[in-house]
Amino acid sequence: MADFTSDGFCLNDNKAGLSQMEGHSKEDIAKILTKNSEGSKFYQNKKQRHQATEQRIAQKKKILEEASPADYNDALRKTDKMLSNLEASRDLSHTIVHVDMDMFYAAVEMRDAPHLKDKPVAVGGNSMLSTSNYVARKFGVRAAQPGFLAKKLCPNLIIVPCNFPKYRAVAAIVRGVFAEYDPNYASASLDEAYLDITEHLKVRADRTEEERTLWRCDCEYWRSLDADWKPSATQETEPTSSENNQETCPECGRVAESIVTGTDAEGAVLELRTKVFRRTALTCSAGIAPNSKLAKICTDRNKPNGQYQLPPNKEAVLEFVKDLPVRKIPGIGATTEETLRALGVQTCSDIHKHRASLALVFSDLSTEYFMRVSLGIGCTTISNDEERKSISNERYALLPSPITV
DNA sequence: CAACGAAGGACCC
DNA sequence: GACCAGGGTCCTTCGGTT
């Protein structure tokens with residue numbers, strides 16, 4: 001990270017540009033954040049942790065310097081063995097979907113208080129924000145940012161307190177939709193889940209066009225559907241005919257858009273997302289891929305309110321992964337990213353290039369994890385154990401099988 | 001010496 | 001004027017116990 005230039009007091013909150021609500025440039029955002037966090041306890045702490053990782057990096061570099069050519073050879077053989085075993089286990093037969101609600105908490109609050117729609121909104125408290133809407137993001141307001149700092153970035157920011165009971169209720173409705181496509185879907189959090197729709201696609205292949213037709217209008221009408229919605233009393237696999245024949249929207253009078261969803265994965269997911277929207281008036285994004293790790297990365301591609309499919313063939317997977325920055329991989333955070341960069345690894349193909357060094361410096365478990373990443377291999381089964389209520393550690397929770405060292 | 005559990009990191013939302 | 005979470009899981013390390 002570049003060191004902060006302290007140009008002191010030049011920035012004032014009532015600077016002309018800020019009142020225009022146009023958002024900030026990256027420089028402005030960096031300036032404001034620096035000015036307000038320099039010297040704080042939090043900043044000191046962060047610096048200390050950073051130094052600790054730098055030390056660990058130095059240790060690793062020392063190991064590499066002292067390793068003999070024979071050591072490198074052994075490491076190379078070890079990783080190549082891992083790679084061939086992993087390649088042999090590659091499974092492209094499942095269709096895995098990752099679904100993520102768009103700015104979930106903020107979206108719920110905006111839905112229920114429409115006057116918030118064009119304003120910068122964040123959900124959370126003065127000490128920490130959970131999420132922000134897209135207007136606020138233009139000002140640099142982000143999740144995991146303290147509210148008071150966000151206020152400096154965006155003085156007009158409206159901070160709505162968290163209302164978890166409400167979010168849980170909405171999540172229950174969304175999960176009802178998920179269950180129609182995979183009864184064993186696994187929640188990763190309130191607003192995120194993994195589905196294996198392989199079985200659904202088999203059933204779907206036999207459905208008529210009529211059964212795959214949805215009517216949709218983007219106006220507020222669908223909000224009112226929410227109140228009528230009774231999850232327990234309805235069987236969604238057989239949509240009620242009254243709903244299906246609804247061709248004009250009672251609210252805005254416009255002809256509702258008719259969508260015939262395909263029998264393929266894209267069609268199924270489009271249908272799923274439409275159902276989520278109809279029952280909650282909220283949008284979500286989805287990724288479709290042969291394993292959960294790739295699916296999650298795909299979700300980001302067309303966010304918000306979009307979806308992206310990575311085709312289930314080896315060439316497409318390797319191409320997809322080739323120039324992917326390692327930070328995009330679930331399980332690789334800021335620390336690991338920095339460590340890898342120090343070892344010359346920035347993208348997934350760099351992992352392969354430097355595989356011997358990685359094996360010398362990381363544990364077997366981590367090394368195997370990196371090898372898996374470089375091949376685009378991930379977990380192809382979605383388990384919803386009683387024991388594991390959620391997937392909170394992606395690095396290890398999404399392993400294809402228990403590791404035997 | 002091995003198994004073990006607590007503590008400390010890293011990561012996710 | 002000062003305020004930078006809390007809850008979850010898994011790995012690694014370390015130190016005292018059996």
Side-chain angles (χ1 to χ4, degrees), chain A residues 9 13 32-57 59-60 98-108 122-132 140-153 159 161-162 164 167-168 171 186-194 284-285 292-293 295-297 299-300 303 326-340 361-370 373 379 383-399 402-405:
Chain A
F9 46 82
D13 280 355
I32 298 174
L33 290 180
T34 308
K35 184 186 162 196
N36 288 285
S37 56
E38 230 169 23
S40 70
K41 256 186 210 149
F42 174 78
Y43 185 81
Q44 298 293 334
N45 226 298
K46 193 172 171 176
K47 219 158 113 184
Q48 237 176 32
R49 267 179 290 132
H50 184 255
Q51 281 171 359
T53 49
E54 277 188 334
Q55 268 187 16
R56 257 174 277 131
I57 289 172
Q59 279 174 15
K60 290 190 187 326
H98 175 255
V99 187
D100 191 299
M101 300 299 294
D102 300 323
M103 48 172 188
F104 187 43
Y105 302 165
V108 173
V123 178
N126 197 46
S127 63
M128 190 52 61
L129 302 179
S130 288
T131 184
S132 58
V141 176
R142 301 242 110 77
Q145 194 174 58
F148 71 90
L149 260 187
K151 278 278 193 187
K152 305 257 188 200
L153 286 166
I159 298 182
C162 287
F164 283 106
Y167 310 145
R168 273 193 286 271
S187 304
S189 63
L190 266 188
D191 73 324
E192 235 181 272
Y194 293 90
C284 59
S285 300
S292 50
K293 194 185 313 195
K296 183 174 170 76
I297 301 167
T299 299
D300 260 351
K303 197 174 252 209
V326 290
R327 186 62 172 88
K328 297 278 184 199
I329 308 287
I332 297 183
T335 307
T336 309
E337 179 193 27
E338 195 186 340
T339 307
L340 288 176
V361 137
F362 286 97
S363 71
D364 283 355
L365 197 55
S366 293
T367 304
E368 186 162 335
Y369 167 77
F370 291 132
V373 164
C379 182
S383 74
N384 186 11
D385 294 353
E386 287 297 304
E387 314 211 338
R388 174 175 293 147
K389 295 239 166 40
S390 67
I391 300 174
S392 57
N393 187 327
E394 317 251 349
R395 177 154 174 177
Y396 304 104
L398 300 182
L399 298 178
I403 307 282
T404 50
V405 179

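We name chains A, B, ... by the order of the sequence lines, and we start the count at 1 in each one. Here the structure is a predicted model, which means the values were calculated and not measured. Hydrogens, waters and symmetry mates are skipped; everything else that's a heavy atom, side chains included, is used.
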Residue Ser127(A), side-chain heavy atoms: nucleotide from dA5(C), dC11(C), dC12(B) that is nearest: dA5(C)
In whole Å, I'd like the distance from the CG atom of Asp100(A) to the C1' atom of dC13(B). 10 Å
Hey, does the side chain of Ser363(A) come within less than 4.0 Å of dC11(C)'s phosphate (OP1/OP2), counting only N and O? no
Taking the P atom of each, how far is dC12(B) from dC3(C), in whole Å? 28 Å
Closer than 3.5 angstrom, by distance alone: can the side chain of Arg327(A) be matched with the main-chain N or O of Ile332(A) as a donor-acceptor pair? yes
Find the distance Tyr194(A):OH to dC13(B):C1' and express it as a whole number of Å. 11 Å
Of the candidate nucleotides dC13(B), dC3(C), dC4(C), which contains the atom at the shortest distance from the side chain of Glu192(A)? dC13(B)
Tell me what Thr339(A) touches on the nucleic acid: a base, only sugar-phosphate, or nothing, going by heavy atoms under 4.0 Å. nothing
Nearest 0.5 Å please: distance from the NZ atom of Lys47(A) over to the CG atom of Asn45(A). 12.0 Å
Between Tyr167(A) (OH) and dC13(B) (P), how many Å, whole number? 18 Å
Shortest side-chain distance from Arg327(A), nucleotide among dC13(B), dC12(B), dT12(C): dC12(B)
Would you classify Ile332(A) as touching base, sugar-phosphate or nothing, given that sugar-phosphate means primed atoms plus P, OP1 and OP2, and contacts are heavy atoms under 4.0 Å? sugar-phosphate
Heavy-atom closest contact (Ser132(A) atom, Arg142(A) atom, distance): OG-CA, 4.0 Å
Identity of whatever pairs with dA10(B) - Watson-Crick or G-U, under 3.5 angstrom: dT9(C)
Over how many whole Å does the gap from Asn45(A) atom CG to dG9(B) atom P extend? 11 Å
What closest approach, in Å, do Ala188(A) and Tyr194(A) show between heavy atoms, and which atom pair accounts for it? CB-CE1, 4.0 Å
Separation of atom NZ in Lys41(A) from atom P in dG1(C), rounded to whole Å: 19 Å
side-chain N/O Arg56(A) vs dA10(B) OP1/OP2, d < 4.0 Å: yes
Which of dC3(C), dA10(B), dC4(C) is nearest the side chain of Met128(A)? It is dC4(C)
Applying a 4.0 Å non-hydrogen cut-off, can you work out what Ala144(A) is touching in the nucleic acid: base, sugar-phosphate, or nothing? base
Using only atom types and a distance under 3.5 Å, with no angle test, would you say the side chain of Thr131(A) pairs donor to acceptor with the backbone of Tyr105(A)? no
When you compare the side chains of Ser363(A) and Ser366(A), does any donor N or O come within less than 3.5 Å of an acceptor on the partner? yes
How many Å lie between CE on Met103(A) and C1' on dC13(B), as a whole number? 17 Å
Which heavy atom of Lys152(A) sits nearest to which heavy atom of Ile32(A), and what is that distance? CB-CG2, 3.9 Å
Within less than 4.0 Å of OP1 or OP2 of dC11(B), is there a side-chain N or O belonging to Thr335(A)? yes
For dC13(B) versus dC4(C), give the span between their P atoms, rounded off to a whole number of Å. 23 Å
Name the nucleic acid region contacted by Ser40(A), choosing base, sugar-phosphate or nothing; use a 4.0 angstrom heavy-atom cut-off, strictly under. nothing
With both distances under 3.5 Å as the test, what is the Watson-Crick or G-U wobble partner of dA2(C)? none
Correct closest heavy-atom pair for Ala143(A) and Ser130(A) would be CB-O, 3.0 Å
Applying a 4.0 Å non-hydrogen cut-off, can you work out what Arg142(A) is touching in the nucleic acid: base, sugar-phosphate, or nothing? nothing
Just compare dC4(C), dC13(B), dC11(B) and give me whichever is closest to any side-chain atom of Ser189(A). dC13(B)
Ignoring the backbone of Lys152(A), work out which of dC3(C), dT12(C), dA10(B) is nearest its side chain. dC3(C)
Students often get this wrong, so: under 4.0 angstrom with heavy atoms, is Asp191(A) touching a base, only sugar-phosphate, or nothing? sugar-phosphate
OP1 or OP2 of dC13(B) versus the side-chain N and O atoms of Lys296(A): is any pair under 4.0 Å? yes
Give the rounded distance in Å between these two atoms: CD of Gln59(A) and P of dT13(C). 10 Å
Taking the side chain as everything from C-beta on, heavy atoms only, tell me whether Phe164(A) gets closer than 4.5 Å to Leu190(A). yes
Could you list the protein-to-nucleotides 5-7 of chain B atom pairs, N/O on both sides, closer than 3.5 Å?
none

Just compare dC11(B), dC11(C), dC4(C) and give me whichever is closest to any side-chain atom of Leu149(A). dC4(C)
Can you tell me how far C1' of dC12(B) sits from CG of Leu190(A), to the nearest Å? 14 Å
